*Asks:* 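Quick one: structure below, then a few questions.
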Amino acid sequence: QVQLVESGGGLVQAGGSLRLSCAASGRTFSTYAMAWFRQAPGKEREFVGRIRWSNGYTTYADSVKGRFTISRDNAKNTMYLQMNSLKPEDTAVYYCARVPQIGVPPRDWGQGTQVTVSS
């Protein structure tokens, strides 16, 4: 069982920046990748991006590409999401999740952190 805790959310004006953290604890040895998702009110959960834990290779959704950057600290079992040039449409609850193996769905979801971007 892996526990994930997101932090760093808040209220920011359009064009501003936020940095989210996702701290993992428990048995994380088999982690293949860590991923960020978000969910706005009344909408489906949306993939934001992920990072391969071994080599740091990142993948992003087109909606955030060029604005968001995912990084990791293996020693701390922590993943980060640097969000720049924020837009009102980025407003959502942001979740992190663990991908234990290639080709399997994410699991071990965190509790989420609210990001609100005002215009």
Side-chain angles (χ1 to χ4, degrees):
Q1 185 72 34
V2 176
Q3 294 80 46
L4 303 176
V5 179
E6 301 95 335
S7 62
L11 176 63
V12 65
Q13 290 183 317
S17 299
L18 282 174
R19 187 179 187 238
L20 307 183
S21 298
C22 173
S25 61
R27 302 187 67 179
T28 62
F29 301 102
S30 62
T31 297
Y32 171 76
M34 297 285 287
W36 287 101
F37 292 80
R38 65 187 183 185
Q39 188 168 24
K43 295 185 177 180
E44 297 285 334
R45 187 173 57 200
E46 176 189 20
F47 171 77
V48 175
R50 76 173 189 175
I51 184 167
R52 177 73 168 89
W53 209 250
S54 295
N55 59 18
Y57 185 83
T58 54
T59 303
Y60 301 95
D62 289 341
S63 59
V64 306
K65 195 172 297 181
R67 300 187 297 120
F68 291 10
T69 303
I70 298 173
S71 60
R72 84 217 195 279
D73 187 329
N74 295 65
K76 295 181 178 180
N77 284 325
T78 301
M79 174 179 63
Y80 305 95
L81 180 64
Q82 178 66 47
M83 304 184 294
N84 299 324
S85 301
L86 283 162
K87 306 174 181 179
E89 50 263 44
D90 295 319
T91 295
V93 177
Y94 283 71
Y95 299 91
C96 65
R98 172 177 168 264
V99 183
Q101 292 179 314
I102 187 170
V104 304
R107 62 181 69 175
D108 301 322
W109 297 89
Q111 84 289 347
T113 184
Q114 176 71 48
V115 173
T116 303
V117 184
S118 64
S119 59

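Residues take their numbers from the sequence shown, with the count starting at 1. No experiment lies behind these values; they were computed from the predicted model shown.
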*Asks:* For residues Val12 and Met83: do they belong to one hydrophobic cluster (side chain heavy atoms under 4.5 Å, members Ile, Leu, Val, Met, Phe, Trp, Tyr)?
*Replies:* yes
*Asks:* Any chance you could measure Leu11, atom CG, to Gln114, atom CD, to the nearest 0.5 Å?
*Replies:* 9.5 Å
*Asks:* Give me the atom names and distance for the closest heavy-atom approach of Ser85 to Ser17.
*Replies:*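 That would be N-OG, 4.4 Å.
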*Asks:* Are any of the side-chain heavy atoms of Pro100 and Tyr32 separated by less than 4.5 Å?
*Replies:*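 No, side chains not in contact.
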*Asks:* So, for Ala14 and Ser119, which heavy atoms are closest and what is the spacing to 0.1 Å?
*Replies:* CB-CA, 4.4 Å
*Asks:* Do Leu18 and Tyr60 belong together in a cluster built from hydrophobic side chains that touch within less than 4.5 Å?
*Replies:* yes
*Asks:* Quick check: closest heavy atoms across Ala92 and Ala40, and the distance to 0.1 Å?
*Replies:*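 Closest approach of Ala92 to Ala40: CB-N, 3.8 Å.
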*Asks:* Which pairs count as salt bridge (Lys or Arg N to Asp or Glu O under 4.0 Å) when at least one residue sits in residues 106-119, sequence neighbours excluded?
*Replies:*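 Non-adjacent pairs meeting salt bridge (Lys or Arg N to Asp or Glu O under 4.0 Å): Arg98-Asp108.
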*Asks:* Are Tyr95 and Val2 connected in a single hydrophobic cluster, I mean Ile/Leu/Val/Met/Phe/Trp/Tyr linked by side-chain heavy atoms less than 4.5 Å apart?
*Replies:*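 No, no single cluster joins them.
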*Asks:* State, with a plain yes or no, whether a side-chain heavy atom of Glu6 is found less than 4.5 Å away from one of Leu20.
*Replies:* no
*Asks:* With sequence neighbours excluded, what pairs up with Arg52 under the side-chain hydrogen bond (donor to acceptor under 3.5 Å, both in side chains) test?
*Replies:* Ser54
*Asks:* Among the clusters formed by ILVMFWY side chains lying less than 4.5 Å apart, do Phe37 and Ile51 turn up in the same one?
*Replies:*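 Different clusters.
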*Asks:* Measure the CG-CE distance between Asn77 and Met34 for me, rounded to the nearest 0.5 Å.
*Replies:*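 Between atom CG of Asn77 and atom CE of Met34 there are 8.0 Å.
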*Asks:* Answer yes or no: is there a side-chain heavy-atom contact under 4.5 Å between Arg45 and Trp109?
*Replies:* yes
*Asks:* Is there a side-chain contact between Trp36 and Val64 in this structure, where contact means two heavy atoms from C-beta onward sitting under 4.5 Å apart?
*Replies:* no
*Asks:* Might you point out which heavy atoms bring Met79 and Cys96 nearest each other, and give the distance in Å?
*Replies:* CE-CB, 3.6 Å
*Asks:* How far does CD of Gln111 sit from CG of Leu4, to the nearest 0.5 angstrom?
*Replies:*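 So the CD of Gln111 and the CG of Leu4 are separated by 9.0 Å.
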*Asks:* If I take atom CD1 from residue Ile70 and atom CD from residue Gln82, how far apart are they, to the nearest 0.5 angstrom?
*Replies:*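 Nearest 0.5 Å value for the CD1-CD distance: 11.5 Å.
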*Asks:* State, yes or no, whether a side-chain contact exists between Trp53 and Val99 at a heavy-atom distance under 4.5 Å.
*Replies:*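 No, every pair of side-chain atoms sits at 4.5 Å or beyond.
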*Asks:* Compare all side-chain heavy atoms of Ser30 with those of Gln101 and state whether any distance is below 4.5 angstrom.
*Replies:* no
*Asks:* Measure the spacing between CG of Asn55 and CZ of Arg72 and express it to the nearest 0.5 Å.
*Replies:*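 One gets 7.0 Å once the value is rounded to the nearest 0.5 Å.
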*Asks:* Residues in side-chain contact (heavy atoms from CB on, under 4.5 Å) with Asp90, at least two apart?
*Replies:* Arg38, Arg67, Phe68, Leu86, Lys87, Tyr94, Val117
*Asks:* Side chains of Ser63 and Glu46: closer than 4.5 Å at any heavy-atom pair?
*Replies:*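 Yes, side chains in contact.
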